Amino acid sequence: MKPSLPSGTRDFSPLEVRKRQYIINIIRHTFEQFGYEPLETPAMENLDTLMGKYGDEGDKLIFKILNNGLDNPDKRTKAVEAFDQVLSGKNTKGITERALRYDLTIPFARYVVMNQGKLTFPFKRYQIQPVWRADRPQKGRYREFYQCDADAIGTTSLLNEAELVQIYDRAYASMGVKVRILVNNRKILAGIAEVCGMSDQFTDFTVAIDKLDKIGLDGVSAELTAKGIGEAALQTIQSFLQFEGDNQSVLALLNEKLANSEIGQKGIAEVQTLFNYLNSVSLNNPLQIDITLARGLNYYTGCIFEVKTDEVKIGSLGGGGRYDDLTGTFGLKGLSGVGVSFGLDRIYDVLEELQLFPIGADSMVKALFINFGGDLEQYAFKTLQAFRAKNIPAEIYPDAAKIKKQMDYANNKQIPFVVFCGETEIASGRVSVKNMETGEQHDVSIEEAMLLIG
RNA sequence: GUACCCAUAGCUCAGCAGGUUAGAGCAUCAGAUUGUGGUUCUGAGGGCCGUGGGUUCGAACCCCAUUGGGUACCCCA
């Protein structure tokens with residue numbers, strides 16, 4: 001059979017894995033610097049845990065796992081009934097009761113509720129694991145991809161928001177990517193919707209204005225009109241969308257226009273507090289208020305974030321925000337959380353395009369011991385142990401193949417040194433070390449060889 | 001869920017308006033070089049041209065279906 005991969009999934013070559021680990025290490029390190037602790041949850045969850053948490057669209061994109069034992073003759077009637085239900089669009093435990101993790105936030109909420117007695121709040125965790133979505137794959141979109149999330153739960157303090165902004169700032173600075181960190185607040189959006197008389201269609205409203213940079217002012221206006229917005233309200237929104245100015249003047253404008261919106265005022269105050277906290281720290285990247293920023297997930301209730309770069313044409317490199325009642329659906333009310341996510345795959349693409357990876361195709365292995373077979377093989381194998389004892393990564397070619405083939409192997413793996421232990425070397429108790437880049441070869445003692453290579 | 005594009009060697013592709021044994025580069029293997037690589041040269045292996053049907057004297061090429069891949073929209077990271 002011809003081997004193939006399910007669409008939307010990828011293999012990662014040794015070089016790709018090393019590059020991905022480079023990114024992950026920076027993100028992990030940054031999270032840990034701010035007191036976030038690692039958490040891992042299973043690849044699969046009970047379907048109940050996930051359904052209904054991501055909206056109707058999201059539910060459709062959850063990968064469901066078929067139950068085992070459906071072919072059991074005793075359960076045939078039940079299975080057929082259940083399948084009929086599935087065909088009419090209903091999920092039923094008779095066919096599937098487990099699903100692949102769709103994101104890391106809901107499993108995190110589930111974990112918090114299950115372990116509430118053991119956890120110390122505020123609980124700050126980070127999680128770097130793959131998630132799966134039954135989406136149509138396309139550029140920059142996969143069916144299996146990694147999320148790198150950090151969330152703090154059980155604290156309403158805006159200090160968390162401030163630190164999460166710092167986390168973004170430091171992580172991207174460490175990678176050498178210039179970004180803009182965009183901030184908005186769902187309460188401000190609610191306030192705008194309120195003064196425009198669109199509170200009842202809040203979701204439509206946010207979805208439309210979120211597309212500003214994609215479809216332009218006319219496109220947004222058309223979409224809002226289609227949703228039944230009034231002429232006066234449309235003009236109000238347009239005046240917001242067209243406004244340009246620094247953060248403080250945006251806040252001033254909002255303050256004025258949303259003077260009569262209680263919720264809008266709350267949102268403005270939150271953003272103002274966030275900025276006040278960040279006044280005392282220096283950021284590498286600009287933090288900008290963007291009132292068109294809406295974020296798709298409807299569970300956000302406070303500040304929301306998005307990270308963008310202007311250096312590469314690509315979607316957002318991360319996002320996040322505050323959700324007041326994430327654990328409520330699992331029966332634990334009143335826990336507020338806030339978190340951010342890094343888009344590993346897109347970051348990879350950006351670093352690749354900007355050539356910002358400090359690691360190349362060079363091997364981890366420093367030396368290849370040529371295998372001459374027989375007793376000579378034994379001697380090379382023994383000598384090799386001394387290198388590893390000194391923490392010098394080295395390997396011996398496992399077969400007594402032609403020298404050319406062994407050298408080719410070293411070249412292909414970009415191993416910088418080749419060590420010869422042949423008759424003459426054994427006799428003198430020394431080895432020959434060849435630098436594969438310059439071609440120079442030296443007859444040295446084993447100690448000298450290790451100094452040279454390590 | 002909707003729309004469009006693509007499918008030929010392990011990989012990237014070529015294949016003139018349907019016409020004899022379907023080609024190239026890279027990769028692989030062997031030799032020039034029996035303990036010294038990256039360059040070069042020579043040679044070899046490798047394809048029912050995604051699958052099934054149709055049109056035709058004749059199909060990699062045209063038509064239909066099917067499967068797989070890609071891209072855009074919806075949505076999203």
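Letters A, B, ... mirror the listed sequences (proteins, then strands); counts begin at 1. Computed over heavy atoms, backbone and side chain alike; hydrogens, waters and symmetry mates excluded. Because the structure is predicted, anything quoted here is derived from the model rather than measured.
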Any donor-acceptor pair under 3.5 Å joining the side chain of [X] to the base of [N]?
{"X": "A:Lys139", "N": "B:U71", "result": "no"}
{"X": "A:Arg141", "N": "B:U71", "result": "no"}
{"X": "A:Gln441", "N": "B:U36", "result": "yes"}

(Q) Looking at A:Gln138, I'd like to know if its CD atom is crowded, meaning that more than 12 non-hydrogen atoms belonging to other residues, nucleotides or ligands lie closer than 6.0 Å. (A) yes
Q | Centroid-centroid under 6.0 Å between A:Phe372 and A:Tyr379 rings | A | no
Q. Would the A:Phe369 and A:Tyr397 ring centres measure less than 6.0 Å apart?
A. no
Take atom [atom1] of [X] and atom [atom2] of [N], then tell me their distance rounded to the nearest Å.
{"X": "A:Arg143", "N": "B:C76", "atom1": "CZ", "atom2": "C1'", "answer": "14 Å"}
{"X": "A:Lys308", "N": "B:C76", "atom1": "NZ", "atom2": "P", "answer": "14 Å"}
{"X": "A:Arg133", "N": "B:C75", "atom1": "CZ", "atom2": "P", "answer": "14 Å"}
{"X": "A:Leu344", "N": "B:A77", "atom1": "CG", "atom2": "P", "answer": "15 Å"}
{"X": "A:Glu440", "N": "B:G37", "atom1": "CD", "atom2": "P", "answer": "16 Å"}
{"X": "A:Gln138", "N": "B:C73", "atom1": "CD", "atom2": "C1'", "answer": "8 Å"}
{"X": "A:Leu61", "N": "B:A77", "atom1": "CG", "atom2": "P", "answer": "11 Å"}
{"X": "A:Ile106", "N": "B:A77", "atom1": "CD1", "atom2": "C1'", "answer": "16 Å"}

Q | B:G15 and B:A9, which share atom name C1', separated by this distance in whole Å | A | 14 Å
**Q.** Side-chain (A:Lys53) to main-chain (A:Thr49) donor-acceptor, under 3.5 angstrom
**A.** yes
**Q.** Who pairs with B:A30 - Watson-Crick or G-U, where each distance is under 3.5 Å
**A.** B:U42
Q: Searching all strands shown, indicate the nucleotide that pairs with B:U20 (Watson-Crick or G-U wobble; both distances under 3.5 Å).
A: none
